[in-house]
Chemist: 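I have a structure I would like to understand better, so I am pasting it below and will then ask my questions one at a time.
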Amino acid sequence: MKYPYLIVFLFIPLVAFTSIHKYYVSLTQVDYNAKAKAIQITMNVFIDDFELTLNNTYGKQFNLATPEELQDSNHYFEDYLAKHFKVKLEGEKMNHSYIGREYKGDVAYIYLEIEHINHVKSIEIENTVLFEYFTDQKNLIKLKINDTFDSLLLTQDNAKGLLNFQ
């Protein structure tokens with residue numbers, strides 16, 4: 001072979017960029033439904049990341065999205081989210097209800113709701129979901145309140161944000 005080093009120099013850059021980089025991000029959609037007088041929340045998290053977090057937090061094997069999933073996993077979802085996803089309206093802490101969850105592909109869609117809300121002037125969201133096990137975790141919050149769209153990007157250094165609406 002006339003140029004053996006040429007093959008090495010061409011091969012190394014190809015191999016260097018083929019490793020898969022894992023992104024740690026969740027997406028939460030927060031909508032105020034004036035007709036229902038409720039804030040409706042849909043959180044999307046990767047199943048494997050959420051499962052690892054639940055397994056480590058509660059010392060159980062959840063086996064999410066499999067036939068072996070723990071029968072009482074809803075209880076743990078609700079408990080975990082009560083501790084790691086908090087909402088304040090006009091400075092007052094609100095309790096959300098866990099509605100349920102479903103799996104689509106590799107994502108868990110988690111549904112929460114806050115009822116009996118007549119209006120929203122300000123909303124503060126704290127989202128520390130997955131932060132304890134993934135240092136690069138980012139939680140994107142998209143909001144639709146009173147026909148106004150806004151968003152928050154929450155990180156470990158800035159885990160909550162406040163938005164005002166008129």
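Side-chain atoms are counted along with the backbone in the values below, which use heavy atoms only and exclude waters and symmetry mates. Position 1 is the first residue of the sequence; numbering continues from there. These numbers were taken from a predicted model, which means no experiment stands behind them.
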Chemist: Any pair with a residue in residues 24-46 that passes ring-ring contact (aromatic ring centres under 6.0 Å, His included), sequence neighbours left out, goes on the list, sorted by first then second residue, please.
Modeler: Tyr24-Phe134

Chemist: Could you note down all residue pairs passing side-chain hydrogen bond (donor to acceptor under 3.5 Å, both in side chains) where residues 102-111 supplies at least one of them, sequence neighbours left out?
Modeler: Glu69-Tyr103, Arg101-Tyr103, Glu102-Tyr111

Chemist: Taking only residues at least two apart or on different chains, which pairs with a member in residues 140-156 satisfy side-chain hydrogen bond (donor to acceptor under 3.5 Å, both in side chains)?
Modeler: none

Chemist: Using 0.5 Å steps for rounding, measure from the CG atom of Leu112 to the CD1 atom of Ile99.
Modeler: 7.5 Å

Chemist: Can you give me the closest heavy-atom contact between Gly105 and Ile47, atom names plus distance?
Modeler: O-CD1, 3.6 Å

Chemist: Can you name the nearest heavy-atom pair linking Asp31 to Gln29, along with the distance?
Modeler: OD1-NE2, 2.9 Å

Chemist: Measuring from Phe77:CZ to Leu54:CG, what's the distance to the nearest 0.5 Å?
Modeler: 5.5 Å

Chemist: Check whether Tyr58 and Leu52 end up in the same hydrophobic cluster, where Ile, Leu, Val, Met, Phe, Trp and Tyr are linked by side-chain heavy atoms less than 4.5 Å apart.
Modeler: yes

Chemist: State the OG-CG distance between Ser97 and Leu81, to the nearest 0.5 angstrom.
Modeler: 12.0 Å

Chemist: With a 4.5 Å heavy-atom cut-off, do Leu163 and Ile145 have their side chains touching?
Modeler: no

Chemist: Taking the ring centre of each residue, are Phe50 and Phe62 less than 6.0 Å apart?
Modeler: no

Chemist: Under the 3.5 angstrom rule, does the side chain of Asp72 hit a backbone N or O of His75 as a donor-acceptor pair?
Modeler: no

Chemist: Within the structure provided, determine whether Ile110 and Phe85 are in side-chain contact (heavy-atom separation under 4.5 Å).
Modeler: no

Chemist: How long is the gap from OH on Tyr98 to CG on Asn74, to the nearest 0.5 Å?
Modeler: 3.5 Å

Chemist: Partners of Glu132 by side chain to side chain donor-acceptor pair (under 3.5 Å), sequence neighbours excluded?
Modeler: Tyr80

Chemist: Look at the side chain of Gln40 and the backbone N and O of Glu113, then say whether any donor-acceptor pair between them is shorter than 3.5 Å.
Modeler: no

Chemist: Would you mind listing the cluster partners of Leu140? Hydrophobic ones only (ILVMFWY), side-chain contacts under 4.5 Å, chaining allowed.
Modeler: Leu27, Leu153

Chemist: Hey, what do you get for CD1 (Ile117) to CD (Glu90), rounding to the nearest 0.5 Å?
Modeler: 8.5 Å

Chemist: Roughly how far, to the nearest 0.5 Å, is the OH atom of Tyr133 from the CG atom of Asn56?
Modeler: 4.5 Å

Chemist: Looking only at heavy atoms, what is the nearest atom pair of Ile123 and Phe165, with distance?
Modeler: CG2-CE1, 3.6 Å

Chemist: Considering all heavy atoms of both residues, which atom of Lys83 and which atom of Asp79 are nearest to each other, and what is their separation?
Modeler: NZ-OD2, 3.0 Å

Chemist: Any pair with a residue in residues 121-130 that passes side-chain hydrogen bond (donor to acceptor under 3.5 Å, both in side chains), sequence neighbours left out, goes on the list, sorted by first then second residue, please.
Modeler: His84-Thr128, Asn127-Asn139

Chemist: Tell me, do Ile39 and Leu89 make a side-chain contact under 4.5 Å, heavy atoms counted?
Modeler: yes

Chemist: Could you see if Val45 belongs to whatever hydrophobic cluster contains Leu70? Use Ile, Leu, Val, Met, Phe, Trp, Tyr and a side-chain cutoff under 4.5 Å.
Modeler: yes

